Q: 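Take this structure, written in structure tokens, and hold onto it; I'll ask about it next.
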Amino acid sequence: MLYQETISRGRPKALCYEDICLSVVRHPETDRKPKPTIFFFTGIRRLMFCIITVIISLAISDQAFDAPSLTTTTSVFRLRNRRLSICTPLRWKEEWLKRPVFRRFDGSPVSQERPLPYHKLNDDMERQTLDAGFEKALGPKTFRRGAANAANGNASDAVRDQMMRHDPRWATFNGAYINEKVQFHLERVVAGEPIDDCLIDLFTHMSLTRDPQARRDMVPDEVWRDMGADPEILDLEA
């Protein structure tokens with residue numbers, strides 16, 4: 001059914017360039033209510049988490065901008081609105097509109113049409129976080145939970161559920177995505193002492209259990225050679 005739907009839509013069932021509207025805008029003097037189901041992103045100083053920089057970098061690599069002058073990230077960020085214009089949309093080439101932004105490999109080169117499957121993203125993220133020294137493998141759902149908990153309390157429950165695409169009647173956030181660590185210093189409240197929020201923030205942060213000295217090749221080769229075969233694995237092979 002999903003395959004047939006993909007054919008009828010004329011595009012993969014994945015995030016494609018036509019789903020992204022990239023614009024240069026003036027900072028508004030008054031707040032404006034965003035339309036429902038539309039997500040707004042602006043540039044942030046921590047480039048590692050800046051989705052704008054990521055999208056622009058991928059588009060430059062794909063040569064997806066419909067403008068011969070936009071060939072580097074510098075040329076994109078130097079764009080300015082002209083005269084009284086408050087918005088300058090950046091157009092995509094027609095042939096890139098229905099192509100996925102995040103794609104899988106076809107051998108060595110990146111595929112032009114095939115989207116990156118979830119299971120590949122999950123496996124790669126889990127392996128990379130273990131290689132980075134985290135105690136537990138972290139996948140996309142971990143970051144989704146982190147985003148939900150960051151919105152929880154800072155936004156209304158309705159906005160949080162809208163962001164997560166949850167039906168508020170089923171309390172999906174409370175059942176599956178709420179942080180399992182209680183972000184409240186109950187012991188100090190009972191003891192009548194001041195609450196130390198900074199320590200709670202530290203203890204509930206997922207990178208606390210990461211070992212920055214861990215390396216993927218930290219076990220010496222002679223240890224692997226001297227280690228006996230796992231009997232259970234031998235039984236399964238037999």
Side-chain angles (χ1 to χ4, degrees), residues 1-7 9 11-16 48-49 51 54 57-58 61 99-152 160-161 163-167 169-184 186-187 199-238:
M1 292 177 64
L2 289 178
Y3 179 70
Q4 292 298 326
E5 180 185 354
T6 300
I7 295 177
R9 296 171 73 207
R11 50 165 287 175
K13 193 175 179 64
L15 178 68
C16 296
M48 179 179 178
F49 302 102
I51 188 62
V54 172
S57 301
L58 292 172
S61 177
R99 293 181 182 178
V101 177
F102 303 101
R103 306 184 300 279
R104 64 188 307 169
F105 282 92
D106 275 337
S108 297
V110 178
S111 171
Q112 296 292 302
E113 307 289 346
R114 303 172 65 194
L116 177 69
Y118 175 83
H119 67 83
K120 183 67 168 61
L121 173 65
N122 184 68
D123 292 345
D124 288 347
M125 290 183 65
E126 290 187 347
R127 184 184 69 255
Q128 291 168 4
T129 52
L130 289 177
D131 290 345
F134 284 88
E135 183 180 9
K136 296 180 180 180
L138 306 179
K141 188 174 182 180
T142 305
F143 290 89
R144 179 174 169 83
R145 177 184 288 113
N149 281 275
N152 188 45
R160 180 202 66 204
D161 291 337
M163 180 195 76
M164 295 295 292
R165 313 301 295 157
H166 288 166
D167 188 331
R169 293 176 297 175
W170 309 117
T172 307
F173 172 80
N174 296 315
Y177 286 96
I178 194 169
N179 195 332
E180 63 270 18
K181 299 181 178 69
V182 178
Q183 296 176 312
F184 185 76
L186 178 62
E187 177 192 17
L199 286 178
I200 293 297
D201 293 340
L202 175 65
F203 292 145
T204 55
H205 199 273
M206 65 181 181
S207 64
L208 182 65
T209 58
R210 176 180 177 270
D211 184 359
Q213 297 180 340
R215 306 186 310 275
R216 63 181 304 173
D217 57 348
M218 62 189 302
V219 180
D221 294 337
E222 56 270 19
V223 174
W224 291 112
R225 289 196 300 267
D226 297 340
M227 185 179 297
D230 190 323
E232 185 177 353
I233 298 298
L234 293 177
D235 290 341
L236 291 173
E237 289 180 347

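Positions are given from 1, in the same order as the sequence printed here. The shown structure was predicted, so the numbers you read here are calculated from the model rather than taken from an experiment.
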Q: Just how far is it from atom CD of Glu113 to atom CG of Asp106, taken to the nearest 0.5 Å?
A: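 Reported to 0.5 Å precision, the distance equals 9.5 Å.
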Q: Do Pro12 and Arg114 make a side-chain contact, defined as non-hydrogen atoms from C-beta onward lying under 4.5 Å apart?
A: no
Q: Would you indicate whether Met227, at its atom CE, is surrounded by more than 12 heavy atoms from other residues, nucleotides or ligands within a distance under 6.0 Å?
A: yes
Q: Measuring from atom CZ of Phe134 to atom CD of Glu126, what distance do you get when rounded to the nearest 0.5 angstrom?
A: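 Here the rounded value is 13.0 Å.
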Q: Tell me the closest heavy-atom pair linking Leu234 and Ala229, and the distance in Å.
A: CD1-CB, 3.9 Å
Q: Under 4.0 Å between a side-chain nitrogen and a carboxylate oxygen: does that hold for Lys120 and Asp124?
A: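 Result for this pair is yes, salt bridge flagged.
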Q: Is a side-chain donor or acceptor of Arg144 paired with a backbone partner of Gly139 at a separation under 3.5 angstrom?
A: no
Q: How far does CG of Asp123 sit from CD of Gln128, to the nearest 0.5 angstrom?
A: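 Between Asp123 CG and Gln128 CD, I get 11.0 Å after rounding to 0.5 Å.
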Q: Treating Thr129 as the side-chain partner and Met125 as the backbone partner, does any N or O pair qualify as donor plus acceptor under 3.5 Å?
A: yes
Q: Does any N or O in the side chain of Asn149 come within less than 3.5 Å of the main-chain N or O of Tyr177, such that one atom is a donor and the other an acceptor?
A: yes
Q: Work out which heavy atom in Asn179 is nearest to a heavy atom in Arg145; give both atom names and the distance.
A: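 Reported closest heavy-atom pair: CA-CD, 4.5 Å.
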Q: Identify the two heavy atoms, one from Pro117 and one from Arg104, that lie closest to each other, and give their separation to 0.1 Å.
A: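 Shortest heavy-atom separation between Pro117 and Arg104 comes out as CG-NH1, 3.9 Å.
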Q: Rounded to the nearest 0.5 Å, what separation is found between the CD1 atom of Ile178 and the OG1 atom of Thr172?
A: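 Answer for the CD1-OG1 pair, Ile178 versus Thr172, is 12.5 Å.
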Q: For Trp224 and Asp221, does a side-chain donor sit closer than 3.5 Å to a side-chain acceptor?
A: no
Q: Rounded to the nearest 0.5 Å, how far apart are CG of Leu138 and CG of Asn122?
A: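 Spacing of CG (Leu138) from CG (Asn122) equals 10.5 Å.
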Q: Are any of the side-chain heavy atoms of Pro100 and Leu15 separated by less than 4.5 Å?
A: no
Q: Just by distance, do the side chain of Arg103 and the backbone of Ser111 share a donor-acceptor pair under 3.5 Å?
A: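 Yes.
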Q: Answer yes or no: are there more than 12 heavy-atom neighbours, outside Glu222 itself, under 6.0 Å from its atom CD?
A: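 Result for CD/Glu222: enclosed.
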Q: State, yes or no, whether a side-chain contact exists between Leu58 and Phe102 at a heavy-atom distance under 4.5 Å.
A: yes
Q: Distance check, rounded to the nearest 0.5 Å: Phe143 atom CZ versus Phe49 atom CZ?
A: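 Rounded to the nearest 0.5 Å, the CZ-CZ separation comes out at 7.5 Å.
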